[in-house]
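The next block holds one structure in the form of structure tokens; read it before the comments.
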Amino acid sequence: MPFPKEFVWGAATASYQVEGGAFEDGRGASIWDTFSHTPGKTKNGDTGDVACDSYHRWAEDIEIMKAMHLQAYRFSIAWPRIFPTGTGEVNPAGFAWYDRFVDALLAAGIEPYVTLYHWDLPQTLQDRGGWLNADTAKAFAAYAAAVAAHFKGRVKYYYTLNEPQCSVGLGYSTGVHAPGFKLDDATVFVAWHNTIYAHCLAAEAIRKADPDAKIGIAPTGRICTPATDSPADIAAARAATFAVADGEWTFTYTMALDPLCGRGWPNVAGGQVQRVINAIPKEQLDALPLGRLDFLGMNIYNSIAVRAGADGKPEFCTRPAGHPRTAIGWPITPEAMAWGPRFLHERYGLPIFITENGLSCTDRVHLDGKVHDPERIDFTHRYLLALRQGIDAGADVRGYFHWSLLDNFEWSEGYNERFGLVYVDYPTGTRTPKDSADWYKQTIDANGGNL
Ligand code: FCB
């Protein structure tokens, strides 16, 4: 059975992961330039200096998207191309590049879905404290306003932030992402709060600049699925999905979406975090309603099964030995797509886009010159079937964006992980659509009715 009539089929990337052109046309440095150029921070010392070179090969990329019949493309704008130092004067050359890109997408009939912050914070703002400084939130709102005003009538869909769970959790707590800090929980929460505050101010700024714009956010987080279909297991999985345990609160949807959907800041019981929450200035608390969302994004890769313990309390199930996993080692759990959107839709009542889903494989060019990736086809097929179940069970899911269009710079994993529907030979920049690209095209043509 096909997916709902207006369902949107797309693919996603992010600026630092694909663009390259890191020093061109007045682009300022971002925290990812600094981080990736710091020895020991990324695999093989890889950087995004060139990446997929989409900065120069964008027309070819759009041809590929067109040939795949993509209906939508989620990409991010590099803040330091627009404001090289984060604030102040706009860099016209930065807008000029995105103008060409957006106009070509529209001419190809591909709807742009723009992420405003996919982790490449201008280094100048980091030098002033980054997300530990509430002024960064104000700078973000000014940048968002400039973008929304500039693309009014051309870009309709915005995601303010991609995965604060990672930019804050991995950036400020575990230190494996830029800016590479390992701070205590209370301080991490300051960065978290300023990030959510930034979303709120930006959402207001976008609505002022372009009242027709639709605003979302693209978080990720732990999804728990019921071990069986029993009501007790379902209740336990739901509770565990939204629980904000001390020490694990960053990797939750709850910490991003509860405050933005009228539920206030969750009670991170007893921890240091609660003291910080209690000290949030009134003006900043009052800003939360400004962050109201038109839709939710969900970046879904995997989930963990949960059952109801003797007292109904959630118990995590251990995965059996040899459980399927992707090349990066992430578990393959299609049921994440059946339950995650369902739980989030129930709790927040908003339409959902799957803003990311995919896997890395050890893809290579085969003797026949093609890239055969049956793993990706099987994975995506399973996840989409599960998504279909979630939709049938009531989740209001409006679209699916595969991560990623292209193999690209996978943050601290460098170029080691290939997530693309299209293979990229990094030394030459040559693109080869994988078998999965053709399969995805057929799926799009059939609106999922082939699955
Ligand atoms: C997500 C990120 C995205 C990409 C995928 C594999 O956490 O949003 O940029 O790295 O994982």
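Each ligand, and each atom within it, is numbered from 1 in the order the structure gives. Computed from heavy atoms alone, side chains included, the values below leave out hydrogens, waters and symmetry copies. Numbering of residues begins at 1 and proceeds along the displayed sequence.
The one candidate from Arg418, Lys434, Lys370 that meets the salt bridge (charged side-chain N to carboxylate O under 4.0 Å, His left out) condition with Asp363 is Lys434. Trp192 pairs in a ring pair (Phe, Tyr, Trp, His ring centres under 6.0 Å) with only one of the listed residues (Trp249, Tyr197, Phe251), which is Trp249.
The protein non-hydrogen atom at the shortest distance from atom 10 (O) of ligand 1 is Glu410 OE1, 2.7 Å. The shortest contact between atom 7 (O) of ligand 1 and any protein heavy atom is with Glu163 OE1, 2.6 Å. Protein heavy atom nearest atom 1 (C) of ligand 1, with residue, atom name and distance: Glu356 OE1, 3.1 Å. Nearest protein heavy-atom neighbour of atom 5 (C) of ligand 1: Tyr301 OH, 3.3 Å.
With a 4.0 Å heavy-atom cut-off, ligand 1 is reached by no atom of Glu417.
Using a non-hydrogen distance threshold of 4.0 Å, Asn162 registers as a contact of ligand 1.
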Walk me through it: do Asp120 and Arg27 pass the test salt bridge (charged side-chain N to carboxylate O under 4.0 Å, His left out)?
CA-CA 11 Å; Asp120 38 4; Arg27 172 185 173 285; 5.6 Å; no
Run the salt bridge (charged side-chain N to carboxylate O under 4.0 Å, His left out) check on Arg74 and Glu356 step by step: do they pass?
CA-CA 9 Å; Arg74 173 180 177 238; Glu356 288 181 23; 3.0 Å; yes
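Below 4.0 Å from some heavy atom of Phe419 lie the following atoms of ligand 1, by number and element: 6 (C). Using a 4.0 Å cut-off to heavy atoms of Trp411, the atoms of ligand 1 that qualify are 3 (C), 4 (C), 9 (O), 10 (O). Taking every heavy atom of Gln17 and a limit of under 4.0 angstrom, the matching atoms of ligand 1 come to 3 (C), 4 (C), 9 (O), 10 (O).
Centroid-to-centroid, the aromatic rings of Tyr55 and Trp97 come within less than 6.0 Å. Checked against the 6.0 Å centroid criterion, the rings of Phe140 and Trp79 qualify as a close aromatic pair.
Judged by distance alone, the side chain of His118 and the main-chain N or O of Ser76 form no donor-acceptor pair under 3.5 Å.
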